[in-house]
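In what follows, every chain begins at residue 1, and chains take the letters A, B, ... in the order their sequences are listed. Predicted, not measured: the structure shown is a model, and the values here were computed from it.
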There are 2 protein chains.
Amino acid sequence: MSGHLDLIDLKIIESLGENGRVRLSELAEVVGLSIPSVSERMDKLQKNGIIKHFTTEVDERQLGFDIQAFVRVGVDSSKHYKSFLEHVMKEDEIMECFSVTGEGSHIMRVMTHNTASLEKFLSRIQSWPGVMSTNTSFVLSQLKKTRKIASDVVRANLQDRQVLLTYDEKKSRR
Amino acid sequence: MSGHLDLIDLKIIESLGENGRVRLSELAEVVGLSIPSVSERMDKLQKNGIIKHFTTEVDERQLGFDIQAFVRVGVDSSKHYKSFLEHVMKEDEIMECFSVTGEGSHIMRVMTHNTASLEKFLSRIQSWPGVMSTNTSFVLSQLKKTRKIASDVVRANLQDRQVLLTYDEKKSRR
DNA sequence: CCTGAAATCATTCTGGA
DNA sequence: TCCAGAATGATTTCAGG
């Protein structure tokens, strides 16, 4: 597995979450290392898959996506799982799809232009083989969105699994 | 309002979605403009709020968040909306919270360490004033996550509103 | 993990279409 | 109004220790 994370890695992850385009020079200042060291850590974090992706959040409304909805779908997944997955991948309106417990087998977050296009979308998915039910909730507004990985929480989590050593602990082991 | 978007802006937005740390030099090459022009467009897109945020996606599992869940909450929002919002903001486990139609008034995406911490979290929110019901669905896996703004869809959307002109259209108007 | 040099990149300013 | 080129300053990468 990925080796060990320390608090400096967590700070790097935290800063990158707040500003994915932060400069190495700034990161280096924040964590107290040289620029090449920070760069190396970033590479390693990507290679380990802890950093998955750099991206940019946009205002979808301004791009013409006025409707956002959660669609809960019940799929007879034993037989139709593969074709369901293929359909999900193909539909541009489906931004995310989760397999979940509870009523229905999947939750999809859907973004579309207007009620007409949503209606079309819904009738489309209802025609997929294995889809037994759908239940749609419109998003009226988003109250909260955070990418903040509370690093004290993470630290506690990882100490449980002994994946993490603090910087001081590492030092004293040498 | 924000002025006009053209296909070059959409390409920029698309590229930044795929790689939030892409270099201006690369962007310039992709869209066929000079670096200063691309830089100017990016600034404008940020100023208009179309680009909201640069961020980094991480593998939360590797950071010790094994449990992800959707929690649907019914809140007596008329009286208790303000205190509900304050609680939502304070809880680090709540990554996102949406006001929605349908059963319950809100959907929250929650990330936490293990079932024990989820249980504590759930009993905490059930004690908030105005919270009448909760319904939790565990996330078993995420089948899809895309940031792809299909630019042909966007283009169609925006043409509806006449916000967008293609590059060629603009040229021929001069 | 650091330093220091070399290469690359971003920004600003200026003028042109 | 929007864009390109040149100069300056900042950043990143690479080598060696």
Against the side chain of B/Ser39, the closest entry in C/dT11, D/dC2, D/dT11 is C/dT11
Please name all residues satisfying salt bridge (Lys or Arg N to Asp or Glu O under 4.0 Å) with B/Arg124, sequence neighbours left out, ordered by chain then number. B/Glu91, B/Glu93
I need the minimum non-hydrogen distance between [X] and [Y], along with the two atoms involved.
| X | Y | answer |
| --- | --- | --- |
| B/Val75 | B/Met132 | C-CE, 4.1 Å |
| A/Glu14 | A/Ile149 | OE2-O, 3.8 Å |
| B/Thr56 | A/Leu16 | OG1-O, 2.9 Å |

Within less than 4.0 Å of OP1 or OP2 of D/dT12, is there a side-chain N or O belonging to B/Arg23?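 Answer no for this pair, as no side-chain N or O of B/Arg23 is under 4.0 Å from OP1 or OP2.
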In whole Å, I'd like the distance from the [atom1] atom of [X] to the [atom2] atom of [N].
| X | N | atom1 | atom2 | value |
| --- | --- | --- | --- | --- |
| A/Leu27 | D/dT13 | CG | P | 12 Å |
| A/Leu24 | C/dC1 | CG | P | 14 Å |
| A/Asn19 | D/dT11 | CG | P | 13 Å |
| A/Glu26 | C/dC9 | CD | P | 20 Å |
| A/Glu29 | D/dT11 | CD | C1' | 14 Å |
| B/His4 | D/dT1 | NE2 | P | 12 Å |
| B/Arg41 | D/dT1 | CZ | P | 15 Å |

Considering heavy-atom distances to DNA chain C, does A/Val38 or B/Val22 have its closest nucleotide positioned more toward the 5' end?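 Its nearest nucleotide being more 5', the pick is A/Val38.
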For nucleotides 4-7 of chain D, which of its nitrogen or oxygen atoms have a protein nitrogen or oxygen under 3.5 Å away, and what is each distance?
unit_1, atom_1, unit_2, atom_2, d
D/dA4, OP2, B/Ser34, N, 2.8
D/dA4, OP2, B/Ser34, OG, 2.8
D/dA4, OP2, B/Ser37, OG, 3.0

Can the ring centres of B/Phe98 and A/Phe70 be said to be less than 6.0 Å apart?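 For B/Phe98 and A/Phe70, the ring centres are under 6.0 Å apart.
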Under a 3.5 Å distance rule, please check whether A/Lys144 uses its side chain to pair with a backbone N or O of B/Ile94 as donor and acceptor. yes
